[in-house]
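One structure is given here, and the rest of the page talks about it.
Order of the sequence lines fixes the chain letters, A, B, ..., with proteins taken first and strands second; residue numbering starts at 1 for each chain.
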Amino acid sequence: MTRENVVSIVLLCGLLILPFVAQAAGYPFYMTLATRMAILAVAAVGLNIALGLGGLVSFGHAAFFGIGGYAAGVIASHAMNGEHLLGFAVPASMPVAWLIGMLAAGLVAIVTGLISLRTSGVYFIMITLAFAQMIYYFAISWPAYGGEDGLSIAMRNSFPGANTARPSDLFLVSFAILLVVLLFFWRLRDSRFGAALQAARQNEGRVAAVGIEPFPIRLVAFVLSAMITAVAGAMYAELNRFVSPSMLSWTMSGELIVLIILGGVGRVVGPVAGAFVFVVLEYWLGGLTERWQFFLGLMLLAIVLFSPGGLMGLLAGKARHD
Amino acid sequence: MSLLTVSGIESWYGASQALFGVDLTVGEGEVVALMGRNGMGKTTTIRSICGLTPARKGRIVFSGSDITHQKSFRIARAGIGLVPEGRRCFANLDVSENLVATARPGQWTLDAVIELFPRLGERLSQSAATLSGGEQQMLAIGRALMTNPRLLILDEATEGLAPVVRDDIWRAVRSLKQSGLSILVVDKTLSELMPVADSCVVLEKGSTAWTGSPADLTAELQDRYLGV
């Protein structure tokens, strides 16, 4: 077993066990923190497909995160009020919210990807940002679902076999999603598609010269990435029982990129390490000073300068092909 | 019957014209040596055939289809495998991924490539960036073969390699020729190139200056077109 695998297993076991230990010790709040870590990690794993494997620095993933959040919020709101959604009765179900969020985010990703993926570098960043801001302003001016004030979720959507009102159950659902998307990312990275995607990241022309068209590969990666991020957004809304345009803001996109850089770009469990550090710093340093982001910035700077492989690089050594 | 016919192609890099009329033909199962001094247009000709520097004038026909203005991935899928100058493997992938990522159905499978280059088989999970120059060259050839091409283009495949590694590469080229694969090869090692080539095309100042068999490429012609 490689060192990276050992570190990954330790990290995931720690994330699974520690909140229950804390809860047993009389600190139930840590269950919510762990849930937040797991959800942010899911979002970052999604972005890691585009950024880590495909080299696509999307500054618009908050749009997909927010779309997932609104899918959960809108479904919960309609179910609560007994209202139909587009003529259909919708159950207050998490899997339904995920499915709708994934479909909506996937459709938006196809449209934005068809345009943005024809560019690269700073142009790609700016176009993805522009699309995300368009959706952000749309949400602000959408009074039916709270507009700028956002939308409260009075009662969380349900999940079969779980009581989602109980923090431990919500954590376990979030952790299960994290495991599924990590497994998906790992299999995707090591697949032929993943190899072609990573090759396209290195040199588009060279990939084309061996018969691979980079555009559709990148588009598929971008859409998959968006769909996973949408599931995370839906869970984030469930956790907070609230969804607002802030989930769609460009700062959210920035946070997801920070998580990946902190954890290790392209590393399977990198987003988990990144989310762990981010949430711990946010909670711990945030209790000491309002300007905790300054210290996060210092840490990010140190990681970029001294450990391009992120925290996973520090803990587990170089990636297979760093 | 000719597999590849290049007729009077002219190519530019921006405003600078690099090719002024290149003609060449590669038949089925034939090995054609593309020759000329440095800067005469050999690599540009290859880039134009592969769609990387599309020709603005002239015509390139491969297996009966006009590919002059096709995108490079379509040309590769049509059956032209390129081993570019400087090897240029995907450094962020391991050997196995480099080979599998480009695979297309046909006789060239991972096992077949490993049989041709056993050293690659010993390094399947090793990052391409950590291979020696010779191993990277084998990987570049293997990667092109995995696309199951009907025409393999080798651009300076032995440049900068140790003599013993060059021997391995030339052994592989001879083996590929025996298998019936058409090959267009650019190389400066005439002593190895001449015995394996069926015909030669010499470029000078971006256009075809001479075409013939290796036996007809006399010392005087070599001195005129290839001498430094």
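Taking both residues in full, the closest heavy atoms of B/Phe90 and A/Asn203 are given as CE2-O, 4.2 Å, listed atom of the first, atom of the second, then distance. Of all non-hydrogen atoms in A/Ala195 and B/Ala101, the two that sit nearest each other are CB-CB, 3.7 Å. The two atoms that bring A/Ala208 and B/Ala76 nearest to each other are O-CB, 4.0 Å, heavy atoms only. Here the closest non-hydrogen pair linking B/Phe73 and A/Glu213 is CZ-CD, 3.1 Å.
By the 6.0 Å contact criterion, NZ on B/Lys71 is open, its count of non-hydrogen atoms from other residues, nucleotides or ligands being 12 or less. In this structure, B/Glu122 places its CD atom where more than 12 heavy-atom neighbours from other residues, nucleotides or ligands lie under 6.0 Å away. Around the CH2 atom of B/Trp12, the shell of radius 6.0 Å holds more than 12 heavy atoms that belong to other residues, nucleotides or ligands. More than 12 heavy-atom neighbours from other residues, nucleotides or ligands sit within 6.0 angstrom of OH on B/Tyr13. More than 12 heavy atoms of other residues, nucleotides or ligands shown are found within 6.0 angstrom of CZ on A/Phe185.
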Working for side-chain contact (heavy atoms from CB on, under 4.5 Å), residues A/Asp190 and B/Glu97: CA-CA 8 Å; A/Asp190 291 349; B/Glu97 288 169 335; 4.1 Å; yes
Stepwise side-chain contact (heavy atoms from CB on, under 4.5 Å) check, A/Arg206 with B/Arg143: CA-CA 11 Å; A/Arg206 212 179 302 163; B/Arg143 189 181 64 186; 4.2 Å; yes
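The residue among A/Ala209, A/Gly205, A/Ala196 with the most heavy atom pairs within less than 4.5 Å of chain B is A/Ala209. Most heavy-atom pairs under 4.5 Å with chain A, from the set B/Met146, B/Arg74, B/Arg104, B/Arg77: that is B/Arg77. Counting heavy-atom pairs closer than 4.5 Å to chain A, the top residue among B/Cys50, B/Pro149, B/Cys89 is B/Cys89. Contacts with chain A were tallied for B/Leu82, B/Thr147, B/Val100, B/Asn98; B/Val100 has the most, counting heavy-atom pairs under 4.5 Å.
Under the 3.5 Å distance criterion, the side-chain polar atoms of B/Asn92 are left unmatched by any main-chain donor or acceptor of A/Ala199.
For the atom pair OG (B/Ser96) and CZ (A/Arg192), the distance works out to 12.0 Å, reported to the nearest 0.5 Å.
Only the side chain of B/Leu52 comes within less than 4.5 Å of a heavy atom of chain A; its backbone N, CA, C and O stay farther away. Contact of B/Thr102 with chain A is made through backbone and side chain together, with heavy-atom distances under 4.5 Å.
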